[in-house]
Amino acid sequence: MPGTSPADPPRLRLAPSPTGDLHVGAAWMALFDLAFARRHGGQFVIRIEDTDQARAQVDSEQSMLDSLRWLGLDWDEGPDKGGPYGPYRQSERLPRYAAYARQLVEQGQAYYCTCTPERLAALRQAQMANKQPPSYDRHCRELGLHPGQSEPHVIRMKVPLEGESVAHDLVRGELRRAYKDSDDQVILKADGFPTYHLAVVVDDHDMRISHVVRGEEWISSLPKHLLLYQYLGWEPPLFAHMPLLRNADKSKISKRKHHTSMQWYERQGYLPEAMINFLAMLGWSMPDGRELFTFADVMEHFTFERVVTSSPVFSLEKLQSINGQYIRALDIPALAERMVQRPYVLAQLPLVRERMRTLNEFHPLTAFFYEDVLAYEPQLLVPKKAVAADVPPWLAAARDLLRDFRPWRAGPLEEALRALLAENGWATGQVFMSLRVALTASTQSPPLTETMEVLGREKTLQRLDAALQALA
RNA sequence: GCCCCCGUCGUCCAGAGGCCUAGGACACGGCCCUUUCAAGGCCGCGACACGGAUUCGAAUUCCGUCGGGGGCACCA
């Protein structure tokens, strides 16, 4: 098996979330992945899912790498440097998937299916109405269809009608599931793109991944993945299904209920080593029970066997305490150094340097970056020669433009905003003033789009909404 | 509805048949220290979901119930 002999060092991968941000869940797994890989002299690669709706664009990809670096989890290889087994970007791998899907059809382990979405929807609806589990009825399975180019079709894999799948999981032990509870999954879509199931199997094989570490939400598709390895004649990797991090209400951790972006923690002033320590205590513990430890300690002692099987609630209480302990452990010069070296502070400096007459003025000039809720004086949002009713459309239009705007950089942002204003015949000075107040609660601030870049998308959008609310 | 995973203090973990009248950390409460607030020290509150079975003995094994979560897409 790959990765199980010393001569064959493990290769693990991180699959970033579609937005490209490094989220707490991903960071949490990456931390263990990397500890494990490093300990055994292996590698850790990033597989970029940049096709279809998973569009990790350059700037967000960069922010993910920045977050990993901040955590100290960077390694000598970027997404394109995972060794000779790339490409690691899905968009560059497209031709491979269709070929394998067709190979499976030829081998009789997959088949063309021309069922229409309408038929499938009706089928599903009928099954639900009859309190049956929704699943494909294998209508095309034995038809031996060979649809022409023009006829829309997908390729589905054949799942055995009986028997069961038995797998070994590094954290949970034996995982069993009857084949009859898995249906004939689509592996190649009508548009020629693979579904995740095919893509991940092909990619992990091509990239020589030895250990697949992923959330337990994937357990139920494990039999299909294993089947795909078997059909393709490949040795499957080892699997570790990690518990899911949860909200306080026990649901799967979500953006609505937590700050899930690593950047937020960085900006909030948490120390990366405290963050690592905290994350490593979720679902795992040091064999000797120590609760203050470093990444090097994790590296030395991490095993999948010690990962808990129940899902931890992600709560900040303990992180704050740990962070305090790390801060207190720093001597004053070191602490001072850490404060000024903080990337968020570093990013603010160029914006306020020319506005500072004393070093102390740095604080009032940058205070607005840190407020959770800005205290608006609504009349400030209404620039000279404008009336209150003018403003909401400006802010709303800006918000809509910014929601998915990429790349999140001052230059492009300014260009796009100016274009928006020109299109609507709005006065730049007036609109920019309103935006400025919305983002900083003040009529005096560093240049608008530079401020936006440093503030980040999330806070920018939040503040636009807040300003709109203040005007309502 | 069906399938799967899981179930120890409010939260995070320890616990792999006797070391458990269940241990630590965070949070919370009290006291001490102290011009305040922290930090620190001491003390306290607080859990093995329930029911059976196996065993001389179960938090630890098995079964059931209940509870929570996840999955059941031409999303990942």
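Throughout, protein chains are lettered first and strands after them, A, B, ... in sequence-line order, and every chain is numbered starting at 1.
Distance check on atom C1': U8(B) versus A59(B) gives 7 Å, rounded to whole Å. If you take atom C1' in U61(B) and the same atom in A76(B), they sit 38 Å apart, rounded to whole Å. The gap from the C1' atom of G46(B) to that of U36(B) amounts to 31 Å, rounded to the nearest Å. Separation of the C1' atoms belonging to G17(B) and U11(B) is 29 Å when rounded to the nearest angstrom. Across the P atoms, C56(B) and G24(B) are found 33 Å apart, a figure rounded to whole Å. A gap of 48 Å separates the P atoms of C33(B) and G69(B), to the nearest Å. Spacing of C1' atoms, C13(B) relative to A47(B), comes out at 13 Å, to the nearest Å. With C1' as the reference atom, C4(B) and C45(B) are 38 Å apart, rounded to whole Å.
Projected onto RNA chain B by closest heavy-atom contact, Phe278(A) and Ala190(A) fall at different nucleotides, the more 5' of which corresponds to Phe278(A). Nucleotides of RNA chain B nearest to Asp181(A) and Gly283(A) differ in position, and the one nearer the 5' end is that of Asp181(A).
Residue Trp284(A) contributes atom CH2, which lies 19 Å from atom P of A25(B) at whole-angstrom precision. Spacing between atom CG of Leu175(A) and atom C1' of G70(B) amounts to 13 Å, rounded to whole angstrom units. When the C1' atom of C26(B) is taken as reference, atom CG of Leu282(A) falls 12 Å away, rounded to whole Å. For Arg306(A) and C13(B), the CZ to P distance is 12 Å, given to the nearest whole Å. A straight line from CD of Glu305(A) to P of A16(B) spans 16 Å, rounded to a whole angstrom. Rounding to whole angstrom units, OH of residue Tyr326(A) and P of C26(B) are separated by 14 Å. Taking atom CD on Glu291(A) and atom P on A27(B), their separation rounds to 12 Å, with Å as the unit. Atom-to-atom, CG of Asp204(A) to C1' of A76(B) comes out at 14 Å; the value is rounded to the nearest Å.
Nucleic acid contact for Pro134(A): base, since at least one base atom lies under 4.0 Å from a heavy atom of the residue. Nucleic acid contact for Val308(A): sugar-phosphate only, since backbone atoms but no base atoms lie under 4.0 Å from a heavy atom of the residue. Using a 4.0 Å heavy-atom criterion, one finds that Lys318(A) contacts the bases of the nucleic acid, with or without backbone contacts as well. Looking at heavy-atom distances under 4.0 Å, Ser321(A) makes contact with sugar-phosphate atoms alone, never a base. Looking at heavy-atom distances under 4.0 Å, Val154(A) makes contact with a base.
For the segment residues 106-117 of chain A, the set of residues with a heavy atom within less than 4.0 Å of an atom of RNA chain B comprises Cys115(A), Pro117(A), in numerical order. The stretch residues 215-229 of chain A touches RNA chain B through Glu216(A), Glu217(A), Trp218(A), Ile219(A), Ser220(A), each having a heavy atom within less than 4.0 Å of the strand.
Taking all atoms of both residues into account, the shortest heavy-atom contact from Leu413(A) to Glu453(A) is CD1-N, 4.4 Å. When every heavy atom of Cys115(A) is checked against every heavy atom of Leu120(A), the shortest pair comes out as CB-CD2, 4.0 Å.
Within the shown strands, nothing qualifies as a pairing partner of C19(B) under the Watson-Crick or G-U definition with both distances less than 3.5 Å.
Salt-bridge annotation for Asp206(A) and Arg93(A): present, with a side-chain N of the basic residue lying under 4.0 Å from a carboxylate O of the acidic one. Salt bridge present: Arg338(A) and Glu273(A) bring a charged side-chain N and a carboxylate O closer than 4.0 Å. Electrostatic pairing of Glu164(A) and Lys180(A) does not count as a salt bridge here, judged by no charged N lying under 4.0 Å from a carboxylate O. Contact check on Lys257(A) versus Asp249(A) returns a salt bridge, with a Lys/Arg side-chain nitrogen under 4.0 Å from an Asp/Glu carboxylate oxygen.
When ring centroids are compared, Phe36(A) and His40(A) come within the 6.0 Å threshold. For Trp218(A) and Tyr196(A), the distance between ring centers is under 6.0 angstrom. Between Tyr231(A) and Tyr100(A), the distance separating the two ring centers is not shorter than 6.0 angstrom. Ring centroid separation for the pair Phe278(A) and Tyr265(A) does not come in under the 6.0 Å cut-off.
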Every protein N/O lying under 3.5 Å from an N/O of nucleotides 37-40 of chain B:
{"from": "A39(B)", "atom 1": "O3'", "to": "Arg328(A)", "atom 2": "NH1", "distance (Å)": "3.1"}
{"from": "G40(B)", "atom 1": "OP1", "to": "Arg328(A)", "atom 2": "NH1", "distance (Å)": "3.3"}

Kindly give the atom pairs (protein nitrogen or oxygen, nucleotide nitrogen or oxygen) under 3.5 Å for nucleotides 18-20 of chain B.
none

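Side chains of Tyr97(A) and Lys189(A) form no contact here, defined as non-hydrogen atoms less than 4.5 Å apart.
Residue Arg124(A) has a polar side-chain atom (N or O) positioned under 4.0 Å from OP1 or OP2 of C74(B). An OP1 or OP2 oxygen of G71(B) is reached within less than 4.0 angstrom by a side-chain nitrogen or oxygen of Lys252(A). An OP1 or OP2 oxygen of C4(B) is reached within less than 4.0 angstrom by no side-chain nitrogen or oxygen of Arg176(A).
The side chain of His197(A) approaches A76(B) more closely than any other nucleotide in the set U11(B), G1(B), A76(B). Distances from the side chain of Arg246(A) to the nucleotides A27(B), G68(B), G70(B) place G68(B) closest. Closest contact between the side chain of Arg177(A) and the listed nucleotides C5(B), A76(B), G71(B) involves G71(B). Across G7(B), A76(B), G70(B), the shortest atom-to-atom separation from the side chain of Leu244(A) is found for G70(B). The Lys189(A) side chain lies nearest to C74(B) when the options are G70(B), C74(B), G1(B). Taking every side-chain heavy atom of Thr195(A) into account, A76(B) is the closest of U11(B), A76(B), A25(B).
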Output, in order, the C-alpha distance, side-chain angles, deciding distance and verdict of side chain to side chain donor-acceptor pair (under 3.5 Å) for Ser311(A) and Glu216(A). CA-CA 9 Å; Ser311(A) 304; Glu216(A) 68 178 335; 3.0 Å; yes

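When atom types are taken as modelled, the side chain of Arg457(A) and the backbone of Leu402(A) share a donor-acceptor pair closer than 3.5 angstrom.
Under a cutoff of 6.0 Å and an axis angle of 45°, Arg156(A) and Tyr136(A) form a cation-pi pair.
The aromatic rings of Phe302(A) and Phe32(A) sit parallel, their planes meeting at an angle under 30°, below the 60° perpendicular limit.
For residues 106-133 of chain A, the set of pairs meeting the ring pair (Phe, Tyr, Trp, His ring centres under 6.0 Å) definition, not counting sequence neighbours, comprises Tyr112(A)-His146(A), Tyr112(A)-His153(A).
Partners of Glu361(A) by salt bridge (Lys or Arg N to Asp or Glu O under 4.0 Å), not counting sequence neighbours, listed by chain and number: Arg357(A).
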